[in-house]
Amino acid sequence: MKQLILAEKPSVAKDLSKVLGAQQKHKNYYEGPKVIVTWALGHLLGLKMPEDLKKEWQTWQMETLPMIPHNLGIKPLPKTGHQLKAIKQLANRNDVSEVVIATDAGREGELVARWILEYVHFSKPVKRLWISSQTDKAIKEGFRNLKPAKQYDDLYQSALARAKADWLVGLNVTRALTVKYQDSLSAGRVQTPTLALVRKQEKQIEQFRPQTYFTIQLEAQNQKTTMRQKNPYSFKDRDKVEAFVKELSKKNGKVTDIQEKIKVEPAPLPYDLTEIQREANQRYNFSAKKTLSLVQSLYEIHKIVTYPRTDSKYLTADMKATMKERLQAVSDFSPEVKTYLKNGAVVKQTKVFQDSKVTDHHALLPTEKAARYEKLDNDEQKIYQMIVQRFIGLFAAPHKTQQTKATVAFGEEVFVFQQSQIIEAGWKKTEEGQKPIVKWQVGQSVAPNFSITKELTSPPKPLTEGTLLGLMEKHSLGTPATRAEIIEKLIKSELMERTASGLQVSQKGKQLLELVNPSLVTPELTEKWERDLEAIAKGRKSANTFIKEIEQETKRLVTEVKKSEQKYQDFSVTSKKCPDCGQNLREKNTRDGKIYVCTNQECSYRRRKDPKLSNHRCSQCHKKMEIIEGKNGAFFKCKFCSITEKIPDKKERKQKMTKHEERRLMKKYSQADEPEESPLAQALKAALENK
């Protein structure tokens, strides 16, 4: 009899099959003497949508809200049928005695597998592989210690509760807002507070008023420092600050205190997904989605980094044995790597090994496979170099500096001179041109060499994707795997925009934040949900109790939308009229640019805002014509003459000869060095006659 092992991705299944001796490769699985290894493609199934459950829910109308189904049920996601069918066939084989769930060790990984087993009606024993790394040693150890799947039932209930809660709140509130205000208004317990974080920063910028203030500097021993104040903006009047400095200059200052210490700065830990997305946004202006895509490519296609969707910066203790091989794989990255290898590849940053701080996955690392840089594009190289640089830092000595603080007092006013001298560069590159340390002595007299500088307060900066990701992480909004998707969804739904300076909430987004219930605007709801879901996962709270609470919350939220007297203005509606039905046109963003669509839901008119000109010429003015999408299909239109023409189908276009083609054939016919009766001459002549 054989074990059927269900991995989450094909790449993981391949790794498992190598360790477990499943050498026979098939289209949907690997097979060996004792095991069959197959895979999901992430989620293969999802909760049924309202239209799948009740006929009256197929139409978006206020009367049917809130939608509270007794049993949600699951259905296959698009383009997953082939893999589901293969898994079902494998599960029903007579020689399969049990299933081993080997999906990601976490809440969503549990949900992926349990839904598949439910869908294929698997009734044989189920076990769970629970490992945090994909090393051969970890896989073998994990299979020696398989657990009954029942031990993870609470984790599955937590995942299922999260999915149902998002369904109840997200779909009901979105439908209620969309129906009431007759525009697509998407809301949810994660995306709405994320949007609110961007808006909160915008309000601070809008309310900001620049203020002029003055600072006082003291120069001594070729060093300059600013006077310490409880309120650094307290000097706002030039005359007053000058009078203050005049009084301060009447006597010398004295060095009252000297503090010296050695500052030891260890190398930063490896990246988790959120941090590399933040830093790539800061360095290269990459979006969160782009960075995730690049890391995913390095992981899946090039196989030179570990699993990217991680929220941990730590490694498990069993990974110590793999560090030298990983270091060898990046030996050409920088000269110091060879030194680290000569010294035995000793990890100096030992606190990176903490099993308790590795959740679903360990930190991002290079694999034991050396990169082929000629196969990486420029952006992939940038991300790979970031990951490798962090990894190499684990083998480097700490950065050590001598920090000196000298406090100079003029009566009650204090000036602090700070200086730093590198003792050991360690993981940081050697800094050139260091200034010599200035020697201070307690009791030393300091002349009143003051200067006054005029300053202007700076406004807060708009949130970038990097800073927004940091706030999302702080407030537990989404997971490392979903945060990029949440940002993209907000932009796609026209609630938020990317600008040159950062992220910006659209007029539609600003109104949405005023229309939705306040509890959906703040992160507190999500933080409470996460606490409840964690309690469910640990068996301290019933999933049914949680869902009952969410159902009551959903009813309250929908009722508030129904009773709301808030007004909504669709800023995307223009004064332009639809040529088909006369209604106003709405401006809409698409992947191909801005388009106009008719506000009349029964009218199908749509056209590009700035339509690309076709090569088809107007018969009257001979200008290039636009392609317009009308109620009865596409057509050519001349914006100069207003003449419209039907767009010929492929067959008609093939039959119709353009002037250019005709001239080309005439030239070819006239230049053909062939007798009149030759096949070539006859063919050219026939083409001209039948054009």
Side-chain angles (χ1 to χ4, degrees), residues 1-48 52 71-131 134-157 159-160 163 300 307 360:
M1 301 297 284
K2 297 184 178 183
Q3 286 179 327
L4 176 61
I5 297 159
L6 177 59
E8 189 159 331
K9 288 178 176 279
S11 56
V12 178
K14 185 178 180 181
D15 293 339
L16 294 175
S17 65
K18 286 178 183 176
V19 176
L20 301 173
Q23 302 297 328
Q24 297 175 32
K25 188 178 185 304
H26 300 270
K27 184 179 179 181
N28 302 100
Y29 63 97
Y30 298 90
E31 188 164 1
K34 296 181 180 179
V35 296
I36 302 167
V37 185
T38 189
W39 56 84
L41 302 165
H43 277 287
L44 297 182
L45 298 130
L47 292 172
K48 288 182 177 178
D52 302 319
N71 180 29
L72 270 170
I74 54 176
K75 68 172 186 177
L77 296 176
K79 300 178 182 179
T80 63
H82 66 287
Q83 192 62 22
L84 273 172
K85 184 179 177 182
I87 294 171
K88 187 170 185 177
Q89 289 172 346
L90 293 170
N92 290 334
R93 276 176 45 168
N94 293 329
D95 60 342
V96 169
S97 61
E98 63 183 16
V99 156
V100 176
I101 296 175
T103 49
D104 290 350
R107 192 167 71 190
E108 287 305 305
E110 198 67 25
L111 191 64
V112 167
R114 295 296 186 103
W115 272 353
I116 291 171
L117 296 180
E118 179 185 332
Y119 185 80
V120 303
H121 304 293
F122 191 78
S123 58
K124 298 171 188 176
V126 182
K127 293 180 179 176
R128 189 42 156 124
L129 173 72
W130 194 269
I131 55 176
Q134 295 293 332
T135 62
D136 290 3
K137 181 181 176 182
I139 292 170
K140 289 174 183 176
E141 184 69 23
F143 271 94
R144 282 195 292 268
N145 294 284
L146 293 173
K147 308 290 184 186
K150 273 193 165 296
Q151 290 188 15
Y152 300 90
D153 282 353
D154 289 336
L155 186 67
Y156 165 58
Q157 289 300 325
L160 187 59
E300 286 186 359
Y307 187 74
D360 296 357

For this session: Kindly determine whether K2 and E31 satisfy salt bridge (charged side-chain N to carboxylate O under 4.0 Å, His left out), including the steps that lead there.
Result: CA-CA 9 Å; K2 297 184 178 183; E31 188 164 1; 2.6 Å; yes
Problem set entry | Within-4.5 Å side-chain heavy-atom neighbours: E108 and H43 | yes
Using a 3.5 Å cut-off and no angle test, enumerate the donor-acceptor pairs between side-chain atoms of residues 14-27 and protein atoms at least two apart in sequence or in another chain.
residue	atom	partner	partner atom	Å
S17	OG	A13	O	3.3
S17	OG	K14	O	2.7

Exercise. Which atoms form the tightest heavy-atom contact between W115 and A163, and what is the distance?
Worked result: CH2-CB, 4.3 Å
Side-chain polar contacts of residues 143-151 - donor-acceptor pairs under 3.5 angstrom, sequence neighbours left out - could you list them?
residue	atom	partner	partner atom	Å
R144	NH2	E141	OE1	2.7
N145	ND2	E141	O	2.9
N145	ND2	E141	OE2	3.1

Exercise. How long is the gap from CD1 on I36 to CG on L6, to the nearest 0.5 Å?
Worked result: 12.0 Å
For this session: Please name all residues satisfying side chain to side chain contact (heavy atoms under 4.5 Å, CB included) with S97, sequence neighbours left out, ordered by chain then number.
Result: M1
Problem set entry | Taking every non-hydrogen atom, the tightest pair across V12 and A7 | CG1-CB, 4.2 Å
Exercise. With a 4.5 Å limit on heavy-atom distance, are the side chains of P10 and L41 in contact?
Worked result: yes
Problem set entry | Counterpart residues, side chain to side chain contact (heavy atoms under 4.5 Å, CB included), relative to E110 (two or more places apart) | I101, R114, R128, W130, Y152, L155, Y156
Problem set entry | Donor-acceptor contact present, side-chain T103 to main-chain E8, <3.5 Å | no
For this session: Of all the heavy-atom pairs spanning L111 and A159, show the shortest one and how long it is.
Result: CB-CB, 3.8 Å
Taking only distance into account, with no hydrogens and no angle test, what donor-acceptor pairs under 3.5 Å do side-chain atoms of residues 117-124 form with protein atoms, sequence neighbours excluded?
residue	atom	partner	partner atom	Å
K124	NZ	R93	O	3.2
K124	NZ	V96	O	2.8

Exercise. Nearest 0.5 Å, what's the CD-NZ distance between Q3 and K127?
Worked result: 6.5 Å
Please list every donor-acceptor pair under 3.5 Å in which a side-chain atom of residues 72-92 meets a protein atom from a residue at least two apart or in another chain.
residue	atom	partner	partner atom	Å
K75	NZ	D52	OD2	2.8
T80	OG1	L44	O	3.2
T80	OG1	L77	O	2.7
Q83	OE1	N28	ND2	2.8
Q83	NE2	T38	OG1	3.3
Q83	NE2	W39	O	2.8
N92	ND2	K88	O	3.2

Seminar exercise, completed: Nearest heavy-atom approach of A102 to I5 is CB-CG2, 3.8 Å
